[in-house]
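Below is one structure; the comments refer to it alone.
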Amino acid sequence: MAVIGGGLGGLTAAAMAATAGRRVVVLEKNAHPGGAAGTFDRDGRRFEISLHETTHPFRGADPKARIFDALDLGDRIELVPVPEFCEVRSPLLDAPLRLPHGLAPLQEALGARFPADADAIARFLRQVARSQEAISVFLTSHDGAWWRAHVADLPLDLWALTRDMGSTLSTVLGRYFRDNEALKLALAPNLPYYTDDPDRFWWLGYAIAQGGFLSQGGYYVKGGSGALVQALVSVIGEHGGTVATGHRVHDILTDARGAVRGLVYVDAAGSIAEVAVPLVFANAAPQAVAGMLPEALRPAFVAPYEGRPLSISLFELSLGLDRPAADLGVGAYSTALFPDWMKALADYRGAAALLGAAPGHRMPPLIVVDYGRIDSGLGDGPAPVSVTGVDRLDNWDDLDGAAYAGRKAAWLDAIIARLDAEWPGLAAAVQVRDMATARTMADYLGTPGGAVYGFAPEVPALLRPGPRNRTGTKTPVEGLWLASAWAGFGGVTGAMASGAMAAMQALRG
């Protein structure tokens, strides 16, 4: 079997298949596997490409648990705990708000800052906890068919999962906290990890993903997310598989029945080659996969995905300092900086468009991560700082090379100046700086719109009125499976879970 693309989803699918005794080859177009996962070096400094934190596979209800067990990943990588959830800085708050991990400490911290909402905070966090419990039952005890058949018999606590099955984050936050926007911002300070629109963000996605961080804490892969990539590559190699970089797939070959029979690709030397395989995992966007299929098969293939909005893209600054960020006053691993124009969580919808022009009087909301707060393993000397915010490809795609470089440099200057206003002296401490934009994401990842999380994490079509095109890892083309965030949710957990699910379902069938 073959895998198109060596991102986390494709590598996970390949590793699961290889350990099951299948002969596997991964064809990755870039010089290094991993996709958005990995590290890069610049001027003697090592920087993380994308990972800020992930949930621990063996704490709470985490889909990575089965994957780590099956592939012995716990013995191959080290997960370093992040000290706290986040520090929130906003004009809506009278002082920075430090939020700890753990639902009980979090409730205490939020209740102290918002005493009038203490009861609502307790009830909200109780629903998050009960949703986590319900997901644990779903993941560890029974399959989906059993769960749906016995939903009426579930304990009362587990009704937290079904009560808001079709709700958005804004709906649930509004029910508990009405117009207290400062509190809403505090509960979703890292919204760009998922979306830029809380009015469309699926509540259950929040309860699972954000609930995991709030209740169980965050963790970083020591040495960077590339260490996780190399662990998966090692598993594949140890079981007879191959990861071939610099190999770009051009065509998916099918037989007279329309079933997969092989791939045509260009190897690292520029030669055209063909491999015969009956099973293909695609770690790529459906739109890209469709272009590889015979033209007659494309309409049926893309039909389940039509009309689904893309996720947001992101910009990311990578900063190398001449001293630890803590010496400049940065006090938390993760800090959310909200600008004065943001009066409500829903204002996030206006943030991405800001980068469509030169910097002006409005700055975007920022997530600042100081890897120096943990034992990151990102080399000697002061650890890097990353700064992330929402972006869109159409902010950049009409610019020629000089105009693109000029606007990017202007935004680098403006964002660093914003950090310096918060922590005086930081701008002067910057020795190395780099910025990735939505255009970078589109070029490197090959995703439409530079989308970094696959499709937008909205309420699934099965829970909405109207057309109900079901999507997942299985595609309408026999022998072709999606093994990426495009088959589920984005992020480390979502990509790995989709890859593992694709492998398990394909091998079972």
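Between the side chain of Glu84 and the backbone N or O of Tyr333 there is at least one donor-acceptor pair closer than 3.5 Å. At least one donor-acceptor pair under 3.5 Å links the side chain of Thr475 to the backbone N or O of Leu480. Side chain of Asn283 to backbone of Leu11: no donor-acceptor contact under 3.5 angstrom is found. A donor-acceptor distance shorter than 3.5 angstrom exists from the side chain of Asp420 to the backbone of Ala427, with no hydrogens or angles considered. Although no hydrogens or angles enter the test, the distance criterion places no donor-acceptor pair under 3.5 Å between the side chain of Ser386 and the main chain of Leu317. Proximity of a side-chain donor or acceptor of Arg45 to a complementary backbone N or O of Gly379 within less than 3.5 Å is not detected. No donor-acceptor pair under 3.5 Å is formed between the side chain of Arg439 and the backbone N or O of Leu393. No donor-acceptor pair under 3.5 Å is formed between the side chain of Lys408 and the backbone N or O of Asp434. Panel note: side chain Asp197, backbone Asp199; a donor-acceptor pair is recorded below 3.5 Å. Formation of a donor-acceptor pair under 3.5 Å by the Trp481 side chain with backbone atoms of Gly499 is not found in this model.
More than 12 non-hydrogen atoms from other residues, nucleotides or ligands lie less than 6.0 angstrom from CG of Asp400. For CZ of Arg407, the number of neighbouring non-hydrogen atoms (other residues, nucleotides, ligands) closer than 6.0 Å is greater than 12. Heavy-atom neighbours of Glu274 CD from other residues, nucleotides or ligands within 6.0 Å: above the threshold of 12. Crowding of Met501 atom CE: a count of heavy atoms from other residues, nucleotides or ligands under 6.0 Å not exceeding 12. Arg248 CZ: 12 or fewer foreign heavy atoms inside a 6.0 Å radius.
Taking the six-membered ring where the residue is Trp, Tyr206 and Trp203 present parallel rings, their angle staying beneath 30° rather than reaching 60°. Between Trp202 and Phe489, the ring-plane angle classifies as parallel under the 30° and 60° cut-offs. Ring geometry for Tyr348 versus Phe338: interplanar angle over 60°, hence perpendicular rather than tilted (30 to 60°).
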| said: Assess the residue pair Asp62 and Lys64 against the criterion (salt bridge (charged side-chain N to carboxylate O under 4.0 Å, His left out)); give the C-alpha distance rounded to whole Å, side-chain angles, the decisive distance to 0.1 Å, and a yes or no. | reply: CA-CA 5 Å; Asp62 196 301; Lys64 296 192 300 295; 3.1 Å; yes
| query | Run the side-chain contact (heavy atoms from CB on, under 4.5 Å) check on Ile312 and Arg392 step by step: do they pass? | reply | CA-CA 7 Å; Ile312 57 166; Arg392 298 283 182 187; 3.4 Å; yes
| field | side-chain contact (heavy atoms from CB on, under 4.5 Å) assessment of Asn395 paired with Thr437 | value | CA-CA 9 Å; Asn395 290 331; Thr437 69; over 6 Å; no
| message | One pair to check against side-chain contact (heavy atoms from CB on, under 4.5 Å): Phe85 and Asn190. What are the steps and the verdict? | response | CA-CA 10 Å; Phe85 174 58; Asn190 55 349; 3.9 Å; yes
| Stepwise side-chain contact (heavy atoms from CB on, under 4.5 Å) test for Met496 and Leu73 | CA-CA 12 Å; Met496 294 186 72; Leu73 292 177; 3.9 Å; yes
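With respect to Tyr220, the side chain to side chain donor-acceptor pair (under 3.5 Å) criterion is satisfied by exactly one of His52, Glu48, Glu53: Glu48.
Nearest heavy atoms, Pro189 versus Ala186: CD-O, 3.1 Å. For Pro382 against Pro324, the heavy-atom pair with the smallest separation is CB-N, 4.0 Å. When all heavy atoms of Val330 and Arg373 are compared, the closest pair comes out as O-NH1, 3.5 Å.
Inspection of the Gln431 and Asp43 side chains reveals no N or O donor paired with an N or O acceptor under 3.5 Å. Inspection of the Ser313 and Asp391 side chains reveals no N or O donor paired with an N or O acceptor under 3.5 Å. Of the N and O atoms on the side chains of Thr388 and Glu316, at least one donor lies less than 3.5 Å from an acceptor on the other residue.
Looking at Leu419 and Leu337, their side chains come closer than 4.5 Å, going by heavy atoms from C-beta outward. Counting heavy atoms from C-beta outward, Thr335 and Pro96 have side chains that stay 4.5 Å or more apart. Looking at Leu310 and Gln287, their side chains come closer than 4.5 Å, going by heavy atoms from C-beta outward. Taking the side chain as every heavy atom from C-beta outward, Val3 and Val243 never approach each other to under 4.5 Å. Using a 4.5 Å heavy-atom threshold, the side chains of Val432 and Phe47 count as touching. Looking at heavy atoms from C-beta onward, Asp164 lies out of side-chain contact with Leu204 at the 4.5 angstrom threshold. Within the 4.5 Å cutoff, no side-chain heavy atoms of Trp486 are placed close to those of Val289. By the 4.5 Å heavy-atom criterion applied to side chains, Leu482 and Ser498 are not counted as neighbours.
Taking the charged nitrogens against the carboxylate oxygens, Asp347 and Arg362 have no contact shorter than 4.0 Å, which rules out a salt bridge. One finds a salt bridge joining Asp413 and Arg433 here, because a Lys/Arg side-chain nitrogen approaches an Asp/Glu carboxylate oxygen to under 4.0 Å. A salt bridge links Lys184 and Glu181; the closest N-O separation between the charged side-chain nitrogens and carboxylate oxygens is under 4.0 Å.
Distance OG1/Thr440 to CZ/Phe315: 12.0 Å, rounded to 0.5 Å.
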